[in-house]
Each structure stands twice: as C-alpha cells, then as structure tokens.
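Below, chain A is the first sequence line, B the second, and so on; all start at residue 1. Since the model is a prediction, treat every value here as computed from it, not as a measurement.
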2 protein chains.
Amino acid sequence: MFLHPTMALDADLAAWLKLSLAPGLTGAGLRRLLGEYGGPARVLEASRAALARHVTDAVAASIKETSADAALATVAAWLEDPSNHVVTLADGDYPPALLQTVDPPPLLYVKGRLELLARPAIAVVGSRNATPQGAANAEAFARTLSEAGLTIVSGLALGIDAAAHRGGLAGTASSVAVLGTGADIVYPARNRALAHELAARGAIVSEYPLGTRPLAPNFPRRNRLISGLALGCLVVEAAADSGSLITARLATEQGREVFAIPGSIHSPLARGCHALIKQGAKLVETAADILEELRLPPPPPSAAADTGGESPLRDVLAALGYDPCDLDTLATRCGKSIAETAALLTQLELDGYVTLLPGGLYQRLAR
Amino acid sequence: MFLHPTMALDADLAAWLKLSLAPGLTGAGLRRLLGEYGGPARVLEASRAALARHVTDAVAASIKETSADAALATVAAWLEDPSNHVVTLADGDYPPALLQTVDPPPLLYVKGRLELLARPAIAVVGSRNATPQGAANAEAFARTLSEAGLTIVSGLALGIDAAAHRGGLAGTASSVAVLGTGADIVYPARNRALAHELAARGAIVSEYPLGTRPLAPNFPRRNRLISGLALGCLVVEAAADSGSLITARLATEQGREVFAIPGSIHSPLARGCHALIKQGAKLVETAADILEELRLPPPPPSAAADTGGESPLRDVLAALGYDPCDLDTLATRCGKSIAETAALLTQLELDGYVTLLPGGLYQRLAR
C-alpha cells in the first residue's frame with residue numbers, strides 16, 4: 001500500500017507546518033491566533049470570517065485556501081533522517097532562551113543535536129572579511145568558552161562566524177549555526193564541510209521553510225535568533241557598518257550582555273567593536289573576562305590545555321607551577337624554544353590560565 | 001658694593017622659598033601654617049614652640065634652624081633669566097587648575113611661558129617603551145588637540161611623553177612638561193633638545209627645588225600635577241604596570257576625564273589602556289572623540305590641515321569637498337598615488353576631518 005509522505009507526519013505537527021507556511025501569516029499573527037483558538041488544528045478549523053477578526057482578510061484567506069501538501073511531503077521526507085527535527089512553540093524541546101524573547105519563531109527546523117539548544121550558549125559573530133588574527137581570536141575564544149560549557153552560536157558566514165563554529169566544535173559544548181536559509185540549504189557553499197560537521201556534532205537551526213534560498217531580508221531577522229539563543233554576544237571584528245552590530249543591538253534589546261574585542265584605531269575592522277564599547281559593551285581581552293562577567297566558572301585546565309593527543313599547553317602549565325617565573329626559565333624547564341614557549345604562554349594567557357606580572361614574570365592563575 | 005644674590009629676591013618670595021625648602025615640611029603642613037599665620041613671613045617670625053602646635057617639633061625646629069641662604073642664592077641667580085619664574089599659591093599666576101586639587105604645591109618653578117599654565121590643557125601620557133605606531137598616535141592626537149586650543153601636558157619621559165610634547169609644540173596651544181627633577185635638570189638626557197624647545201616655546205614646571213636629581217619617589221608624586229593641570233588625561237600606550245595608570249587614577253580622583261586608546265589584545269602595551277576602559281575610561285579613536293567629550297569645538301580645518309609650507313592634507317580635503325568620494329577618485333583628483341592618498345586620508349580621519357562611510361566612501365565632516 002502506498003503511504004503518502006504527509007501521512008507520516010503527526011496531525012498536530014502537520015497543522016503547525018501548514019500555518020507556518022501560510023503566505024503572509026507572520027510569527028506574531030500565528031501566536032495571536034494560537035492564543036485565540038488554543039492550538040493549530042483549531043485555528044485551521046475556524047472559518048475565514050472568524051479568522052479575519054484576528055488577522056487581515058487576505059491572510060485569513062491564505063490560511064484557508066493554501067495547499068501545503070507538497071511542502072508537507074518535503075518535510076516528512078526530510079524528517080525520515082532521524083537527525084532532523086521540527087520543534088514548535090508547544091514542544092518541550094523548544095529552546096527555552098528563545099521563549100524569553102519578544103518574537104520567538106512558532107516553528108524551528110533543527111538538523112543535528114536538538115538538546116544543544118537548551119544549553120547555556122554564547123553568540124560569537126563578526127566580519128565575513130576577517131583578518132587572520134581576528135579569525136584566530138574568534139576560534140581561540142570560542143574553543144575556551146566551549147570548554148567552559150558555553151555552546152557557541154553563530155551564523156555560518158565566512159570569516160569570524162566560521163572560525164567561531166570551528167572553535168566551538170573543538171571544545172566540549174559544541175556549536176550551533178542559525179541559518180538565514182532553509183535548514184537543508186548550505187550557504188555560503190564554501191562552508192559546506194563545516195555545515196556537515198555542525199550537523200553531525202553540533203546543530204543547524206532555521207525558522208525558514210525547507211528549500212528557502214538565501215534572501216537578503218532573512219539574514220538580519222535571523223540575527224535575533226543568534227542573540228536570542230545566547231546569554232551574551234561577543235563581537236570579534238566588525239566594520240562600522242557590519243551586520244554584527246545588528247546582532248549586538250538585538251542582544252542588548254533582549255537583555256543579553258554584549259562583549260567586544262578591541263583593536264588598533266587604524267584597523268577598519270575594529271571600528272564596529274569600538275563603537276559598541278563606546279555604547280556600553282564590555283571590552284574583553286580574554287575568554288576569562290566573559291566567563292567572569294557571566295559569573296561562570298573557568299573551564300577545567302586539563303581539558304582546555306589538553307587539545308589533541310599531545311599537550312604542549314599542559315606541559316607549560318606544569319612547568320610554570322603556581323610561582324611566578326620568567327620566560328627564559330620556563331623555556332628551559334619545558335625544553336622548548338623561547339619563541340614556542342612564548343606562543344604557548346600567549347595562548348594560556350588568552351585562555352585565562354596565566355597572567356603576565358610586572359617584570360615579565362608569568363603567574364598561573366588559581367582556579 | 002657687593003650685592004648678595006638673596007638680596008635680589010623679594011622678601012615675601014624669599015620667605016616662601018625658605019619654607020618650601022625646610023626639610024620635613026610637607027606641602028600640606030605648609031598650607032596649614034599659612035592658614036594659621038596668614039603669610040610666610042609671619043610663619044618664619046613665629047617661635048618654635050608656637051609652630052610646634054601645628055607641625056611636629058622636629059619640623060618646627062627645621063623651619064627655625066635651617067639656613068636656606070645657599071639655595072636662595074641659587075634661585076636668585078636662576079631668576080636672572082627672565083624666562084624663569086617662581087610662582088606661589090598666593091600669586092595670581094598660580095595655575096588655576098591646580099588650585100582645584102587637594103594637594104597643590106605651595107611653590108612652582110616654571111621655565112618658559114608661564115601663561116600656558118592658565119590655559120585649558122590635556123594630559124597625554126603613556127609608555128616609555130612606546131611602539132612606533134603608539135608614538136605616532138600620541139604625536140598626531142597631541143597636534144590636533146593643540147590645534148584645537150588644548151595645551152599638551154606630559155612628563156618629558158621617552159616614548160609617548162616625548163611624542164606628545166612634540167605634537168603639542170607643533171600645534172598652536174603648545175606644551176608643558178612637568179618634571180620629577182628640579183626645573184634646571186633635564187632627565188632623561190636624551191630629551192635635552194626637546195626640553196630646550198619646551199623652555200623656549202612651551203613651559204617646564206617643577207615643584208622640586210632647583211638641582212633636585214631624579215629620585216624614584218618624586219615621579220609618581222609629580223604625576224598628580226600632570227593630571228591636575230589638565231581637563232582630562234589621555235593614555236596612549238601603557239603596559240599593565242605602567243606609571244601612566246597612576247596618572248590616570250589621580251586624574252579620576254581629581255574629577256578629570258580619562259581617555260584611553262585601545263589596541264590589539266595581543267599587544268602588552270594595550271593592556272593598561274584596556275584596563276582603564278574596563279574601569280570606565282572613555283575609549284577614543286580620534287582626537288575629535290576627546291574634544292566632543294570635553295564639549296570643545298574641533299580645531300579650524302585650515303590650521304590643522306596646513307602643517308608646514310605645503311599642505312598635502314589640505315589638498316586632499318579640497319579634492320574631497322563635502323560629498324562622499326572613493327579612494328581611487330580622490331587619488332586621481334589630487335594627482336597623488338593611492339598609497340599616499342590613503343595615508344593622508346588616515347591622518348585626516350584621525351584628526352576628525354573625514355570619516356569613512358559604508359562602501360569605502362570618504363566623507364568630509366562639517367565643522
């Protein structure tokens with residue numbers, strides 16, 4: 001017997017999907033109707049005239065008349081992959097952080113680890129045209145924050161976003177990409193491998209119907225989910241007109257903390273961060289600054305310092321102990337070159353494990 | 001007839017000098033005695049027992065018993081140069097800004113343009129081990145601020161201080177150096193030429209007796225005068241343990257605005273500035289940021305853009321006009337290379353004459 005794919009969908013979910021796909025019906029309009037009727041099936045049962053008391057007549061008509069069969073079949077087929085999920089405002093799995101925002105999407109398409117959306121998270125965003133140092137900063141901050149238990153949320157753009165996702169995936173709390181396209185579309189194409197890794201070990205989220213192509217207006221709207229899913233938003237590099245500043249503004253409006261990494265006054269990619277700091281964002285120099293501001297404990301040293309099989313970072317930490325020590329002595333103790341030791345110390349300092357005291361002495365920070 | 005040099009000193013000034021030179025008598029102690037007796041001559045006439053009711057017996061003894069003849073002769077000889085001055089708390093020439101501080105020195109030795117000490121001023125300080133970019137920033141900010149009418153106050157140290165003095169001297173409001181040595185001692189020796197220029201076209205100030213050699217404790221104390229003479233304090237580059245942070249703290253305590261230039265999180269010389277911004281200092285990217293915060297008008301464009309006989313900066317401003325324009329077009333209009341035009345635009349941007357709009361367009365700022 002032939003089973004129509006739509007049949008595979010739970011009736012309630014099918015009703016949610018139909019409403020979410022009705023042209024012209026906004027999230028706010030749908031939430032209003034759900035409030036009036038108590039559930040999506042009841043909304044669909046209402047007459048056009050009844051609906052038109054709560055939305056425009058054109059939208060009421062679109063709810064009653066649009067056939068969503070093809071789209072529902074697409075969703076049903078997509079859901080055959082057990083790593084794909086659709087969650088609605090009524091589901092227990094709906095991200096709790098988004099419920100605290102003023103405009104939560106009625107329905108989310110999620111590819112990957114759904115449970116990550118309920119974890120404490122931080123948004124890490126910035127320029128697509130990042131400098132190499134900016135990308136390295138994004139990755140290092142994200143890795144340390146992920147080790148400290150914060151899932152890294154970003155937008156899968158090139159530059160800072162991609163580096164932030166990589167850092168998040170390298171840590172224990174992984175990473176979530178919020179797309180401005182359908183959850184089944186990878187944009188930009190250059191991030192295909194990263195998107196696959198996020199789907200496998202992190203999560204990809206979109207409020208847009210499957211198959212939605214990159215459309216300019218969707219990206220700024222998407223940004224409210226990046227900030228909304230997170231406790232705070234870190235801007236790593238941003239030009240004066242960067243879209244990251246929109247995300248930061250939305251974060252502020254949502255009551256989230258905004259953090260910005262400063263840079264040279266001659267770097268165009270520091271302008272956006274400096275503007276944010278002037279407006280009250282916290283200037284941060286290390287991931288530890290962010291954890292402190294969010295009142296979260298730092299990551300376990302062994303985990304963060306043990307990246308990969310060998311652990312040069314842990315070697316340096318061990319050689320340092322808890323007494324102040326200069327670079328030359330440390331290099332001798334570790335059996336490494338001065339340059340290599342200095343580079344490792346910089347990483348450890350960035351990660352909040354050591355601090356540089358007056359007189360060029362390094363001090364391990366107690367945890 | 002032999003005229004003893006002391007004879008050349010006004011009796012009242014001689015009394016001020018004697019008291020200021022009495023070992024153990026602090027500025028606070030002297031101000032207390034002056035408050036009790038009404039003037040320095042009256043203090044000197046008081047008995048040791050009477051004085052000891054207001055200061056310790058040892059200090060009372062030192063006031064009554066110390067012979068200051070040799071020192072007074074030195075001062076009298078120094079004052080034969082008409083560019084040298086001694087001003088006391090009772091003089092109309094005493095810097096008004098210092099009178100608003102809690103610990104104004106009873107007496108100041110001033111070499112050069114005494115009137116500069118009554119002008120609106122800004123302190124510009126930072127690391128002795130400045131980076132070339134840091135020194136260039138200090139000089140550019142100081143020049144623009146000086147053009148805008150703010151006298152540049154600093155400490156004649158190597159690095160940022162020296163660059164700030166040079167920038168101040170290049171502008172119209174000149175520069176003042178506050179020394180931790182006697183006003184007749186140049187320290188460090190490498191700044192000899194700069195000190196001579198400051199004495200000729202700016203001013204050199206010290207509260208320490210002539211001949212006072214560089215003594216470590218005098219420098220931090222001296223910093224309260226650098227900040228006290230100014231409306232605000234700009235820190236350009238400073239390590240985490242920099243003496244400039246003392247000046248910034250004193251500025252805050254004196255109710256002065258603190259400004260700091262940010263930098264890379266990987267630059268040790270940005271640490272101090274970042275720490276200040278975290279504590280509430282204003283992050284500044286241009287001299288215009290400072291002028292705006294102090295509610296002062298920007299410098300006249302023709303003056304600041306006209307440095308030297310020829311005026312490449314003014315050429316670029318003229319070519320730009322008041323409509324947005326891209327770099328290539330501007331370079332063609334000016335008949336300069338792209339690199340040269342870009343460098344001039346950066347200077348103009350730093351000085352607050354132009355701003356970079358989205359899309360790489362430069363916009364001249366209306367004044």
Give, as side chain, backbone, both or neither, the part of B/Ser264 having an atom under 4.5 angstrom from any heavy atom of chain A. backbone

Heavy-atom pair with the smallest gap, counting every atom of A/Pro299 and A/Tyr353: CG-OH, 3.4 Å

Determine the minimum heavy-atom distance between A/Cys273 and A/Val236, stating which atoms define it. SG-O, 3.5 Å

Side chain, backbone, both or neither: which part of B/Leu283 has a heavy atom under 4.5 Å from chain A? both

If you count heavy-atom pairs within less than 4.5 Å of chain B, which of A/Thr286, A/Leu356, A/Asn137 leads? A/Asn137

Residue selection (most heavy-atom pairs with chain B, distance under 4.5 Å) from A/Glu349, A/Glu285, A/Gln133: A/Glu285

Taking 4.0 angstrom as the limit, do B/Glu253 and B/Arg224 come out as a salt bridge? no

Heavy-atom proximity to chain B below 4.5 Å, by part of A/Lys282: neither

Using a strict threshold of under 4.0 Å (side-chain N to carboxylate O), is an ion pair present between B/Asp289 and A/Lys278? yes

Assess whether a salt bridge exists between B/Asp161 and B/Arg128, defined as any Lys/Arg side-chain N lying under 4.0 Å from an Asp/Glu carboxylate O. no

